[in-house]
Undergrad: 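Pasting a structure below so you can have a look.
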Amino acid sequence: MRAAVCPWYGPPEVVRIEQLPAPSPSAGQVRVRVDAAAVNFPDVLLIADDYQLSVAPPFVPGSEFAGTVVECGPQTMEFTVGDRVRGTGMYGAFAEEVAVAADGVERIPDGVDMPAAAAFGVAYRTAYHALRSTARIDAGDPLIVLGAGGGVGLAAVTLGAALGAEVVAVASSAEKLAAAIEHGARHVVDHRAGELRRALRDAVPDGAAAVIDPVGGSLSEPALRSLRRGGRFVTVGFASGEIPRIPLNLVLVKGVQIVGFQFGDVDPGEYARNEGELRALSESGRVAPHIGAVYPLADTASALRRVADGRAVGKVVIDLR
């Protein structure tokens with residue numbers, strides 16, 4: 001089978017296409033023919049060995065996929081050959097086939113195509129759990145989303161709007177802001193057009209209930225200053241490559257909370273509730289990922305570069321069909 005391989009750590013351009021043996025599922029696993037895989041910023045970090053966890057090269061990058069079950073390993077009863085499934089993992093998705101634990105995949109809802117199924121997992125689960133269990137967004141809450149044109153950012157815009165929040169989307173281009181409006185943003189701010197703090201004050205004069213920040217860098221402090229008293233600042237990642245230094249006097253004076261999002265920190269009961277609600281939103285068609293670019297497997301390095309450079313609008317998908 002063909003697969004994109006990271007032979008050693010480096011920039012996206014180190015990734016190359018190789019022929020590898022097809023995987024064989026062991027007990028409790030399924031072998032999936034991958035139809036589509038989505039690119040996420042942590043894929044770029046893993047390839048550069050800049051992520052919080054390391055994977056020793058050579059390895060196949062890619063953390064989410066959608067495809068069809070072509071073989072079930074011993075003692076695997078949950079699926080049958082022909083089932084359409086999607087799944088997530090640390091790596092391995094950028095290949096024509098993957099062998100994964102059966103409890104790591106789920107059936108794709110009827111009416112959802114393969115690229116959309118592949119693009120839904122990481123970004124939308126991250127955004128929904130962050131909104132529900134960390135930011136604790138309620139209907140009517142003003143919500144600021146930084147990096148609103150990227151994968152997690154646009155997912156947070158879409159899901160925040162679905163939860164009834166008044167979303168203020170902050171992004172860096174007209175194309176990204178247009179996508180945010182299309183997916184439910186009430187206000188949009190181009191942070192390159194002027195002073196961000198002033199623009200956010202105009203958009204949310206009484207302050208926001210929460211900020212979702214997958215970007216970091218110079219955007220974080222003005223967004224933090226835009227919170228109302230008791231608001232929550234949720235840090236999801238640092239796609240800008242810069243970890244901000246926050247003046248703690250702001251936390252003291254404004255009585256706000258700065259909270260880091262990790263899946264493992266979500267209460268198990270809330271986790272199950274969130275997953276059920278998110279699946280219902282997907283099955284109903286109320287929310288769907290915005291796919292801004294599609295690449296063939298041969299151009300995986302270019303797809304990774306698009307995400308690394310912050311040029312992605314929504315999700316970037318690799319189509320293996």
Side-chain angles (χ1 to χ4, degrees), residues 41 123 127 130-131 135 137 140-161 164-259 261 290 292-293 306-316:
F41 192 70
L131 288 166
I137 285 295
D141 280 347
L143 167 68
I144 294 171
V145 178
L146 304 180
V152 172
L154 193 52
V157 169
T158 305
L159 294 170
E166 182 178 326
V167 180
V168 180
V170 179
S172 60
S173 71
E175 184 183 9
K176 292 178 179 180
L177 295 176
I181 292 172
E182 178 186 344
H183 287 269
R186 293 279 297 276
H187 309 277
V188 293
V189 175
D190 183 344
H191 66 80
R192 295 183 178 178
E195 183 186 350
L196 178 57
R197 176 68 184 96
R198 178 172 298 177
L200 291 175
R201 187 185 302 120
D202 292 341
V204 193
D206 295 326
V211 171
I212 299 292
D213 181 11
V215 178
S218 62
L219 305 184
S220 299
E221 184 177 331
L224 177 65
R225 291 180 181 274
S226 301
L227 284 170
R228 68 191 184 193
R229 184 163 189 82
R232 288 189 163 209
F233 185 100
V234 181
T235 177
V236 180
F238 309 104
S240 68
E242 178 185 348
I243 298 175
R245 297 185 177 184
I246 299 298
L248 288 180
N249 63 303
L250 295 177
V251 180
L252 176 64
V253 171
K254 295 175 68 68
V256 298
Q257 299 178 54
I258 299 176
V259 189
F261 170 76
H290 180 100
R306 190 182 192 94
V307 171
D309 289 347
R311 293 184 289 114
V313 179
K315 297 291 291 186
V316 173

Undergrad: Looking at side-chain heavy atoms only, is the closest gap between Ser173 and Asp190 below 4.5 Å?
TA: no
Undergrad: Please step through side-chain contact (heavy atoms from CB on, under 4.5 Å) for the pair Phe233 and Leu227, ending with a clear verdict.
TA: CA-CA 8 Å; Phe233 185 100; Leu227 284 170; 3.9 Å; yes
Undergrad: Can you confirm whether Val168 sits close enough to Leu143 that some side-chain heavy atom of one is under 4.5 Å from a side-chain heavy atom of the other?
TA: no
Undergrad: Pairing donors with acceptors under 3.5 angstrom, does anything connect the side chains of Asp213 and Thr235?
TA: no
Undergrad: side-chain contact (heavy atoms from CB on, under 4.5 Å) between Asn249 and Val251: does it pass, once the steps are laid out?
TA: CA-CA 5 Å; Asn249 63 303; Val251 180; over 6 Å; no
Undergrad: Using a cut-off of 6.0 Å, state whether more than 12 heavy atoms not belonging to Arg197 lie near its atom CZ.
TA: yes
Undergrad: Do you know the tightest heavy-atom contact between Gly310 and Lys176?
TA: O-NZ, 2.5 Å
Undergrad: Any side-chain heavy-atom pair from Val188 and Ile181 closer than 4.5 angstrom?
TA: yes
Undergrad: Begin with the C-alpha distance, continue with both residues' side-chain angles, and end with the deciding distance and a verdict on side-chain contact (heavy atoms from CB on, under 4.5 Å) for Ser226 and Arg201.
TA: CA-CA 7 Å; Ser226 301; Arg201 187 185 302 120; over 6 Å; no
Undergrad: Could you check if a side-chain atom of Glu221 sits within less than 4.5 angstrom of a side-chain atom of Pro244, using non-hydrogen atoms only?
TA: no
Undergrad: Applying side-chain contact (heavy atoms from CB on, under 4.5 Å), run through Arg186 and Val167 and close with a yes or a no.
TA: CA-CA 5 Å; Arg186 293 279 297 276; Val167 180; 5.6 Å; no
Undergrad: Using modelled atom types and a 3.5 Å cut-off, is there a donor and acceptor pairing between side-chain atoms of Arg229 and backbone atoms of Gly207?
TA: no
Undergrad: Using side-chain heavy atoms (C-beta onward) and a distance below 4.5 Å, is Pro142 in contact with Arg228?
TA: yes
Undergrad: Would you say the side chain of Pro214 lies within less than 4.5 Å of the side chain of Phe238, judging by non-hydrogen atoms?
TA: no
Undergrad: Does any non-hydrogen side-chain atom of Ile144 lie less than 4.5 Å from one of Val170?
TA: yes
Undergrad: Under a 4.5 Å cut-off applied to non-hydrogen side-chain atoms, are Ile212 and Leu146 in contact?
TA: no
Undergrad: Are more than 12 heavy atoms from other residues, nucleotides or ligands located less than 6.0 Å from atom CD of Glu175?
TA: no
